[in-house]
Amino acid sequence: MAMDMNRKSVEEMSFREASTELEQLVRSLESGELELEDALACYERGVELLRSLRERLSGAEQKVRVLLDASQEVVAPDTTAAPSTAFLG
């Protein structure tokens, strides 16, 4: 398996592309059919992809936390002080 020299850089890849490539690399490594040099190159690329995916997930989790915190800070209007009109007739 020769390494593809036209391969996108990890920074240019979408999360899905990086995840898919990582899965393919794992399958190739698990097959046991790679030459040592190719296996090392696959492993190195896999580490690079995994690092990027973890960083992206961490960033997404942080954004979700910030959004959740912000949504909990939104104060709903206090309607308990308003007079009830249910029984006015």
Side-chain angles (χ1 to χ4, degrees):
M1 173 185 168
M3 294 305 294
D4 184 2
M5 300 311 284
N6 295 324
R7 184 180 288 186
K8 280 185 178 181
S9 72
V10 174
E11 296 80 22
E12 294 176 315
M13 299 176 85
S14 69
F15 186 89
R16 184 180 306 250
E17 289 172 324
S19 179
T20 299
E21 184 178 335
L22 180 59
E23 289 174 22
Q24 292 169 345
L25 290 171
V26 169
R27 279 195 293 275
S28 293
L29 288 166
E30 287 177 341
S31 75
E33 297 178 8
L34 297 175
E35 294 294 329
L36 177 62
E37 296 80 10
D38 290 334
L40 288 172
C42 282
Y43 186 81
E44 183 178 1
R45 175 71 172 188
V47 168
E48 182 182 13
L49 289 164
L50 184 59
R51 183 176 299 125
S52 174
L53 290 167
R54 284 182 175 165
E55 288 173 1
R56 293 180 199 193
L57 279 175
S58 178
E61 288 172 352
Q62 182 61 32
K63 285 180 183 179
V64 168
R65 276 191 223 107
V66 168
L67 291 171
L68 285 174
D69 289 345
S71 71
Q72 292 174 355
E73 291 175 4
V74 173
V75 179
D78 183 9
T79 58
T80 58
S84 174
T85 59
F87 296 105
L88 295 179

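- Closest heavy-atom contact between Ala18 and Leu53: CB-CD2, 3.8 Å.
- Taking Ile, Leu, Val, Met, Phe, Trp and Tyr as members and joining any whose side-chain heavy atoms lie under 4.5 Å apart, directly or through other members, the hydrophobic cluster of Leu36 also contains Leu40.
- A distance of 12.0 Å separates SG of Cys42 from CD of Glu35, quoted to the nearest 0.5 Å.
- Residues satisfying the side chain to side chain donor-acceptor pair (under 3.5 Å) criterion with Glu12, sequence neighbours excluded, are Ser9.
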Let me see the working for Tyr43 and Leu25 under side-chain contact (heavy atoms from CB on, under 4.5 Å), right down to the final yes or no.
-> CA-CA 8 Å; Tyr43 186 81; Leu25 290 171; over 6 Å; no
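- By the side chain to side chain donor-acceptor pair (under 3.5 Å) test, Arg56 is found to be paired with Ser52, residues two or more places apart in sequence or in another chain being considered.
- Residue pairs satisfying the salt bridge (charged side-chain N to carboxylate O under 4.0 Å, His left out) criterion with at least one member in residues 13-25, sequence neighbours excluded, are listed as follows: Arg7-Glu21, Lys8-Glu17, Glu21-Arg45.
- Leu49 approaches Leu22 most closely through the heavy-atom pair CD1-N, 3.8 Å.
- Residues satisfying the side chain to side chain donor-acceptor pair (under 3.5 Å) test with Glu33, not counting sequence neighbours, are none.
- By the side chain to side chain donor-acceptor pair (under 3.5 Å) test, Arg65 is found to be paired with Gln62, residues two or more places apart in sequence or in another chain being considered.
- A 4.5 Å side-chain heavy-atom check between Val10 and Arg51 finds every atom pair outside the cut-off.
- Between Leu29 and Ala39, the closest heavy-atom pair is CD2-O, 3.4 Å.
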